[in-house]
Amino acid sequence: MNIHEYQAKQIFAKYGVATPRGIIANTPEQAARNAEELGGDVWVVKAQIHAGGRGLGGGVKLARSKDEVKQLANEILGMNLVTHQTGPEGKLVQKVYIEEGADIVDELYLGIVLDRAKEMPVIMASTEGGMEIEKVAEESPDKIIKIAVDPAIGFQGFHGRELVFGLGITDKKEQSKFIKLASALYTLYLENDAEMIEINPLIKTASGDFLALDGKMSFDDSALGRHQDIEDMRDISEEDADEREASQYGLSYVSLDGEIGCMVNGAGLAMGTMDTINYMGGTPANFLDVGGSANAQTVAKGFEIILKNPRVKAIFVNIFGGIVRCDRIANGILEATKLTDVNVPVIVRLDGTNAGEAAEILKAANIPNIIVADDLGDGAAKAVAAAKQA
Ligand code: ADP
Ligand code: MG
């Protein structure tokens, strides 16, 4: 689950990670009142969407008067903000964060992500903070320091020293401030079951203090049960409506940008199915795990959700009958085609218990757009061919 910048900054504050002061607004009038309340003479109006790159997309603007704050908030609220992370369709801005303008001497980068291969959180830091860290990662990866911190040991002094020496921070006071901040961020990461924290930029001010100017965080969905305060930060309007609907029916659905809809039982088989489609020269339109209880209702719902995506040209149903028997799934598929209008070819590969009976049932039904496949390779090849023909 992702949260907004202003919410990440609320969490930062609890752990002593300093940020500029700011107040959230839904209207231009509120934005102007926030500027008044914050005081000072420079403010930043920041679009709150679940995506980075807002600055380059025109969603972060500097204002030098309260009228300008109001005017910029008016422009940014309701705008469809397109950034390199939103995709071409962009995201609607519903809230703006009004923040005091910070006095930037230096822009650094500091983040923590889970490295699954190392099985540890990795702290990443760079002197090349600012808006184009992705470019730095691609063109000069040596400018990003990466330090894996074993949770069994925790953040230690040597981790901190590696960071400050790597960043070339030589002033003793600044070194200790930075180490304290990185250590706090690590604690925050672990205590909240975060998956990713990114501060870009982390700035150094004229007084040698470090401030988180931006904040991005995502959390492990499976751990939200023990973090009601974070669950409360959920913004449904930022989430994919189809993915949400699917989860209400116990389906794990992730929308992708290919052409072949996939309906599979089990996450591992779903991954393998997507790989096989790719191998056969096609592209999957989604990941969909119908789970252990593939029945007519879940299959029908699966078809419905897959077909909401206009790019889908064929559907590949790849289900292994273990506890659920294939004949029941075959009947479920036939039943589902009556419940939902399926207007693309459906390639069905059923294997496992009673696979033979299942194939007979499907063939006997003689529905023109249901094509029975013999095995995974055959099914993927038929799905790719059907999508290419469409
Ligand atoms: P994004 O990463 O989505 O583009 P940021 O919050 O990083 O959004 O803002 C983009 C840029 O705007 C920052 O790199 C910084 O230069 C500037 N900026 C953001 N917040 C402030 C602030 N409070 N004071 C001064 N400049 C800011
Ligand atoms: Mg940023």
Side-chain angles (χ1 to χ4, degrees), residues 2-13 17-25 31-32 34-66 68-69 72-73 75-77 79-87 90-113 124-138 143-144 181 185 194 196-207 209-218 235 238:
N2 297 321
I3 57 172
H4 288 292
E5 172 199 4
Y6 78 94
Q7 295 168 320
K9 286 178 170 174
Q10 287 166 1
I11 303 177
F12 289 176
V17 173
T19 65
R21 291 177 310 125
I23 309 171
I24 196 77
N34 292 355
E36 172 82 48
E37 196 178 328
L38 290 168
D41 47 19
V42 181
W43 301 270
V44 183
V45 181
K46 309 183 76 175
Q48 298 296 294
I49 55 166
H50 284 185
R54 296 163 303 163
L56 292 173
V60 177
K61 297 241 164 89
L62 199 82
R64 299 197 178 273
S65 71
K66 281 154 214 150
E68 205 181 345
V69 168
L72 290 171
E75 284 168 22
I76 295 174
L77 281 166
M79 101 187 246
N80 192 49
L81 185 53
V82 178
T83 80
H84 62 92
Q85 288 185 6
T86 60
K91 270 184 184 272
L92 177 71
V93 182
Q94 291 167 302
K95 291 187 198 110
V96 285
Y97 192 46
I98 311 303
E99 199 171 63
E100 58 186 353
D103 157 26
I104 306 175
V105 171
D106 212 353
E107 293 194 327
L108 308 173
Y109 174 96
L110 183 63
I112 307 181
V113 286
M124 296 190 296
S126 176
T127 52
E128 308 301 300
M131 294 199 258
E132 299 204 68
I133 193 71
E134 289 85 356
K135 223 172 169 180
V136 179
E138 224 168 82
K143 289 196 173 144
I144 301 178
L181 186 147
L185 206 65
M196 183 274 299
I197 306 181
E198 187 180 73
I199 303 178
N200 187 30
L202 173 76
I203 60 154
K204 202 173 91 180
T205 63
S207 51
D209 288 309
F210 295 100
L211 276 187
L213 217 60
D214 192 2
K216 218 163 254 84
M217 279 191 85
S218 70
D235 182 350
E238 288 282 336

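Keep in mind it's a predicted model, so treat the numbers as computed, not measured. Remember, it's 1-based here, ligands and their atoms both numbered in the order they're listed. In this chain, residues are counted from 1 in sequence order.
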Numbered atoms of ligand 1 (with element) below 4.0 Å of Val60, judged on heavy atoms: 8 (O), 9 (O), 12 (O)
Candidate with minimal heavy-atom separation from atom 27 (C) of ligand 1, of Leu81, Ile98, Leu213: Leu213
Ligand 1 contacted by Ile203 (non-hydrogen, < 4.0 Å): no
Whether Asn34 side chain and Ile24 backbone form a donor-acceptor pair below 3.5 Å: yes
Other residues, nucleotides, ligands: >12 heavy atoms within 6.0 Å of Asp41 CG: no
Residue pair His4 / His50, side-chain heavy-atom distance below 4.5 Å: yes
Which of the ligand 1 atoms, numbered from 1, are nearer than 4.0 Å to a heavy atom of Gly52: 3 (O)
Interfacing atoms of ligand 1 (cut-off 4.0 Å, heavy-atom, Gly101): 24 (N)
All ring-ring contact (aromatic ring centres under 6.0 Å, His included) counterparts of Phe12, not counting sequence neighbours: none
Separation between CG of Leu213 and CD1 of Ile104, rounded to the nearest 0.5 Å: 5.0 Å
For the Mg ion (ligand 2): the N/O/S atom of Asp214 at shortest distance: OD2
Heteroatom proximity flag, Leu56 to ligand 1, N/O under 3.5 Å: no
Short N or O distance, Gly53 and ligand 1, threshold 3.5 Å exclusive: yes
Ile104-ligand 1 polar pair, N/O distance under 3.5 Å: no
Nearest option to atom 1 (P) of ligand 1, as decided by whichever heavy atom of Arg54, Gln48, Glu100, Glu99 sits closest: Arg54
Residue among Leu110, Asp209, Leu211 satisfying side chain to side chain contact (heavy atoms under 4.5 Å, CB included) with Leu181: Leu110
Pairing residues for Tyr97 by the ring-ring contact (aromatic ring centres under 6.0 Å, His included) criterion, not counting sequence neighbours: none
